[in-house]
Amino acid sequence: MKLENRRLSNEEFMTIREEVLNTWETGAAIKDLQANIEYAKSVPREKNFALKLQEAKNNKQVLTQPRAGVALISEHLNLLKYLSEEGEADLLPTTVDSYTRQNRYENCTIGIKESVRLNRSMLNGFPVVNHGVSGCRKIQESLDKPVQARHGTPDARLLSEIIHASGWTSNEGGGISYNIPYSKDVPLERTIKDWQYCDRLAAIYEEHGVPINREPFGPLTGTLVPPSMSNSVAIIEALLAAEQGVKHITVGYGQCGNQIQDIAAIKALEQQTDEYLLRYGYRDTVVTTVFHQWMGGFPKDESKAYAAISNASVTAAMAKVTKVIVKTPHEAFGIPTKQANANGLKCTKMVLNLLADQKSYMSKKLSEQIQIIKEETKCILEAVFEVGDGDLARGVVEAFKRGILDIPFAPSIHTANKLLPARDHYGAVRYLDCGNIPFTDELKAYNRRMLEKRAKIQNRPVDFQMTVDDIFAVSEGKLVGKPE
Ligand SMILES: CCC[C@H]1O[C@@H](n2cnc3c(N)ncnc32)[C@H](O)[C@@H]1O
């Protein structure tokens, strides 16, 4: 079937579904889609992820959500209960393991057996496909808060079938955001199509009375991704989801570190997502936002790690995002203990509570940065539509081929890797090299000027060494990299 940004017909969807359910044994238990929907309808409304986000948006409340996932059902349940109670998490994840993300379910079988034998998690997340609908329903039924699948899966079709049949009412990911940062060589045509299936599935539940939230993965590689590039990808995935009938979309952004630029990025993302959805005829979509606390290298020192978590929480509060994804003081080491995970959540919530009655006020600098990000994003998105001859899906594939869309430090061979970012002297992320991104001369000159200011202050040339210094800076306790 030719790649096209067009809603899958029921016949197309059901034909693909037949094949998807046969890719692992646990697909057999969810063959009856109507029965799956009936089950999902039985989940109490207060445990619906989409509705809880919508309520938070209306109440201008910032919700907290951790990442968390371990191999076995009972341990995973204990972990999520602890994060919900002790950690006061408003929304619950299930972070899925790396084997599942690559559809290597046979490795999960071994990992589950080893976890039982050694009495500790031998997988770096919860293997939703292997545990199947029975295991995932047990998780959902035993918790009193909404659950979302968080992963990094290029082909998440079976994973999505199982989680929604289990009453999990949110799914993270997208055809770009779970491909380019997560894989070496998976064609975009493939993942855009596979995520059209996941979006259509979410929409079918929605059309039968079960609101399902879809959350494109905002931060991408989480390494100096300029806001206009990550915003462009988020808006594209929101449009692709809306075309399949998705009505609840959370667009996301990973903290870059300069507070004004980060708040501006969230505001620009909210405004332009609404603008583009409206422009392309999607009128009844509920758009919420998610801010990811610092995604780059973390300090090992616990106190400094809490400072990074608190600092990110201030930005989340001042930007009035709908939800914030929380880091832990174990970030520099690996998978956190449940205590460290809960501590990151409590630290975050304390800051959010202290700032609940405050927000960032429009200033000249803030409105200038919103304008810059919106203009850069507009240049990118208009070019994507143009090279796709008006079809967004084909435009994405062509735009990556030409380097119009380009994600820095991505493992995928399907991104040009010509874009080079670096921080200006305020710490805002700028384009050191725009590669093939079709910015106006004014926008290129602005980015260059901001980097030249830093070069002058630091008495150094504008070059790649700035980028290298910036990659290590935060883990060394500063934001802007300094020359040796
Ligand atoms: C793109 C997401 C990266 C973040 O995702 C966290 N992460 C990954 N797997 C787990 C897990 N099983 N439990 C708790 N956090 C986890 C990492 O620490 C990192 O911050």
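For ligands, and for the atoms within them, numbers begin at 1 and follow the listed sequence.
Ligand 1 does not have His330 within reach: every non-hydrogen atom of the residue lies 4.0 Å or more from it. Contact analysis puts Tyr182 in contact with ligand 1, with a non-hydrogen atom separation below 4.0 angstrom.
The shortest distance between side-chain heavy atoms of His248 and Glu206 falls below 4.5 Å. With contacts defined as side-chain heavy-atom distances shorter than 4.5 Å, the pair Thr169/Ile163 does not qualify.
Inspection of the Tyr276 and Gln271 side chains reveals no N or O donor paired with an N or O acceptor under 3.5 Å. Lys247 and Thr285 form no side-chain donor-acceptor contact under 3.5 Å, judged by distance and modelled atom types alone.
The protein atom (non-hydrogen) at minimum distance from atom 2 (C) of ligand 1 is Arg67 NE, 3.5 Å.
Partner His151 forms a ring-ring contact (aromatic ring centres under 6.0 Å, His included) with one of Trp168, Tyr178, Phe126 and no other, that one being Tyr178. Across Thr153, Thr23, Thr26, a single residue satisfies side-chain contact (heavy atoms from CB on, under 4.5 Å) together with Val129, and that is Thr26.
Counting atoms of ligand 1 from 1 in the listed order, those under 4.0 Å from a heavy atom of Lys327 are 20 (O). Per-residue contacts place Ala68 under 4.0 angstrom from the following atoms of ligand 1 (heavy atoms of the residue considered): 13 (N), 14 (C). Ligand 1 places these atoms under 4.0 Å from at least one heavy atom of Ile335: 9 (N), 10 (C), 11 (C), 12 (N), 13 (N). Listed by atom number, the atoms of ligand 1 under 4.0 Å from Pro336 heavy atoms are 14 (C), 15 (N).
For a threshold of 3.5 Å applied to N or O pairs, the pair formed by Glu331 and ligand 1 contains at least one separation below that value. The distance criterion of under 3.5 Å between nitrogen or oxygen atoms is met by Asn124 with respect to ligand 1. Residue Phe217 has no N or O atom closer than 3.5 Å to an N or O atom of ligand 1. For ligand 1, the polar-atom distance check finds no N/O of Asn341 at less than 3.5 Å from any of the ligand's N/O atoms.
In the candidate list Thr95, Leu123, Asp97, Thr95 is nearest to atom 9 (N) of ligand 1, counting heavy atoms.
Taking the six-membered ring for Trp and the full ring otherwise, Phe217 and Tyr182 have centroids separated by under 6.0 Å.
For Tyr105, the ring-ring contact (aromatic ring centres under 6.0 Å, His included) partners at least two apart in sequence or on another chain are Trp24.
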